[in-house]
S.K.: 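Sending over a structure as structure tokens; questions will come in a sec.
Note: hydrogens, waters and symmetry copies are ignored here, and every other heavy atom, side chains too, is used. Small disclaimer: the values here were computed from a predicted structure and weren't measured. In listed order, ligands and their atoms are each counted from 1.
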Amino acid sequence: MRTTQFPLNTVKETPADAEIASHQLMIRAGLIRKLAAGLYTWLPLGLRVMRKVEKITREEMEKTGALEVLMPGLQPAELWQETGRWEQYGPELARLKDRHERDFCLGPTHEEIITDLARNEIKSYKQLPITYYQIQSKFRDEIRPRFGVMRSREFIMKDAYSFHLDQESLQETYDAMYQAYTNIFNHLGLKFRAVIADSGSIGGAVSHEFHVLADSGEDAIAFSTDSEYAANVEQAEALQPTSPRSIPSKELEKIPTPGQKSISEVSESLGIAPQEILKTLAYVQKVKTPQNEDKEAFWLLYLRGDHELNEIKTRKILGEFRPATDEEIEQHLKCRAGYIGPPSKELLKKSEPFNWIADRSAIHMVDFVCGANESGFHLKGCNWEKDFLEIPISKLPKGHVADIRKIVEGDPSPDGKGQITLARGIEVGHIFQLGTKYSESMKAGVINEGGKNQIMIMGCYGIGISRVVAAAIEQNHDDKGIIWSANLAPFQVALCPMNMHKSERLKAASEKLYQDLLAAGIDVLFDDRKVRAGFMFSDMELIGIPHCIVVGDRGLDSGTVEYKARTAEANEEIPFADVIDFLKEKLA
Ligand code: ATP
Ligand code: MG
């Protein structure tokens, strides 16, 4: 390709709404252009990269035996009503009506459509297992589209769905997909980790997310220092402390703490560490009465001062809940937020029982500081059994002590091997054992060996193809621009002649070299624009071409060209006659 025929749409200015490097670089390097919030056009250069991601993905899908299909983006509401997701999905689902006033949506994912296909096409157990996949546009009306194509409203996904007679067969395909994903991200040259993911509302189901590691990633991942354990932070279990609880040695004392409401304010003024302070959070849970009426219940959640509530874990226990308002706190505890703590035995005698959960680390605390349930005061030297509980900790009914916090660096790994370290990641893939969630509600069954109808078991497997491009840039760039891995680069080699338009000799030599490179099967971008050498180099660095060959009049005299790898500090001189062999070796 020549830059006179394949225009580079590079721009100098960093767009004001681009917060992270990949978004800035995708605009500056001319890979994408914004149409509206969360909607982007892929320019030729960007599309070349995305096609490479698609190609590698397709090859690995084919290796697993998955069959490519193409399903419509526009989907009838009836199928979504069958699974109940028409109601459940919420405003992220882009809904519309056709000219006959019939309801449709733009597909955010295709479980309903593929399950409909499967129930019509698959009749016998003999056709199983089977996996279908497609690479196609998805639509999600994200509440906060941002970071360019990283979180957009229309994006390209590879989605695959598998159908099975039994769990064993599902596990086999799941493992094959896990391996295919590992191969894909390895081929793409990305540093990534597969992590145990939250199985959402379908408790117990197996799920892994694939994360590209990058400091600006939206997700936090927990790893073990000593084992293969890796999980989404939301999912990683914080274990029960193993050390025995210390013997309490202090007496309760009320201390004035005017104006000190937060853990950090209290810890600073008392000169104690946050882990010596008990954090009390007030929440309101939505519950149904036996008569099926909506009611609200007030809850106190206890955490060690340096820990944070994990809402996903807590939601698994409480269902829907929200923080209590200041008024609700006043009403239940007769004090201002910031001074609340576990109700004292005296308070308990005068009031209704409180709902409460203590995190495993919180119940382990002794001689701690906490709010006094009196505005402007805290308590010092507190101990659970002496000051707050009517029964010993060991006799507490089940449910009062639970894992409700986020795991932190240095915690023991949940698999018992090593400690937890944290890193940030960008979710680029997600594999999931669905079970019969869709096949059951849509009655997707086959005739089994015994001649009876049997509901199929399903798995689903997604890769955010367009997000992968952004994630690759997020992980691999420098102050000059993008650094592509060999398999992602839009072109392998840039051919940059210096001031070719002033030298017929150089022009002829460059043209010949270009033709020779093409003939050798090298994917080369020939910069034949009439621009200054410095401008040319900075464009090639910005768009991230891995290998650059510079030819000039002086080099022609000495029979050499200059070679520079995108990530190398200095240029290398190589004989003109060796260029092709030299590059072939680099690209091998
Ligand atoms: P996220 O938590 O980032 O919203 P998700 O869990 O909703 O992702 P899935 O439904 O598992 O995502 O979709 C499969 C893949 O599609 C994700 O792993 C991700 O790579 C990609 N993806 C999801 N939402 C978007 C989006 N708005 N823009 C670009 N890619 C996306
Ligand atoms: Mg999402």
S.K.: May I ask you to identify, for M150, whether its side chain, its backbone, both or neither come under 4.0 Å of ligand 1 on a heavy-atom basis?
M.R.: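 Near ligand 1, M150 shows its backbone, while the atoms from C-beta on stay back.
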
S.K.: Answer yes or no for G429: is there a heavy-atom contact with ligand 1 below 4.0 Å?
M.R.: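 Checking ligand 1 against G429, which is what was asked, there is a heavy-atom contact under 4.0 Å.
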
S.K.: Quick one: does H430 get an N or O within less than 3.5 Å of an N or O on ligand 1?
M.R.: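 Such a contact does occur with ligand 1.
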
S.K.: Does ligand 1 have any atom sitting under 4.0 Å from a heavy atom of V149?
M.R.: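 It does; at least one heavy atom falls under 4.0 Å.
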
S.K.: Taking atom 28 (N) of ligand 1 as the point of reference, which of G38, G148, S152 owns the nearest heavy atom?
M.R.: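 Nearest option to atom 28 (N) of ligand 1, by heavy atoms: S152.
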
S.K.: Taking atom 24 (N) of ligand 1 as the point of reference, which of F139, F432, F155 owns the nearest heavy atom?
M.R.: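 Considering heavy atoms of F139, F432, F155, the nearest to atom 24 (N) of ligand 1 sits in F155.
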
S.K.: For ligand 1, is V428 a contact, meaning one of its heavy atoms is under 4.0 Å away?
M.R.: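 V428: in contact with ligand 1 (<4.0 Å).
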
S.K.: Looking at R467, which atoms of ligand 1 are within less than 4.0 Å of one of its heavy atoms?
M.R.: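 Answer for ligand 1: 3 (O), 19 (C), 20 (O), 22 (N), 23 (C), 24 (N), 25 (C), 26 (C), 29 (C), 30 (N), 31 (C).
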
S.K.: Is there a side-chain contact between I426 and D219 in this structure, where contact means two heavy atoms from C-beta onward sitting under 4.5 Å apart?
M.R.: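 I426 does not reach D219 side chain to side chain.
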
S.K.: I want to check a possible cation-pi pair here: R95 against W86, using under 6.0 Å from ring centre and within 45° of the ring axis as the test.
M.R.: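 Pair R95/W86 counts as cation-pi.
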
S.K.: Before we go on, tell me: are the rings of Y283 and F321 under 6.0 Å apart, centre to centre?
M.R.: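 Between Y283 and F321, the centre distance is under 6.0 Å.
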
S.K.: About how many Å separate OG1 of T280 and CD1 of I263, when rounded to the nearest 0.5 Å?
M.R.: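 I263 CD1 to T280 OG1: 8.0 Å, rounded to 0.5 Å.
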
S.K.: Give the numbers and elements of all ligand 1 atoms closer than 4.0 Å to a heavy atom of E142.
M.R.: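 That gives atoms 24 (N), 26 (C), 27 (N) of ligand 1.
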
S.K.: Taking the six-membered ring for Trp and the full ring for Phe, Tyr or His, determine whether the centres of F210 and H208 are under 6.0 Å apart.
M.R.: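 No.
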
S.K.: Should the pair D226-K417 be classified as a salt bridge under the 4.0 Å nitrogen-to-oxygen rule?
M.R.: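 Not counted as a salt bridge, because no side-chain N and carboxylate O are separated by less than 4.0 Å.
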
S.K.: Considering M157, E154, R140, E92 one by one, which has a heavy atom nearer to atom 10 (O) of ligand 1 than any of the others?
M.R.: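 Comparing heavy atoms across M157, E154, R140, E92, the nearest one to atom 10 (O) of ligand 1 lies in R140.
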
S.K.: Do the charged groups of E541 and R566 touch, with an N to O distance under 4.0 Å?
M.R.: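 No salt bridge links E541 with R566.
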
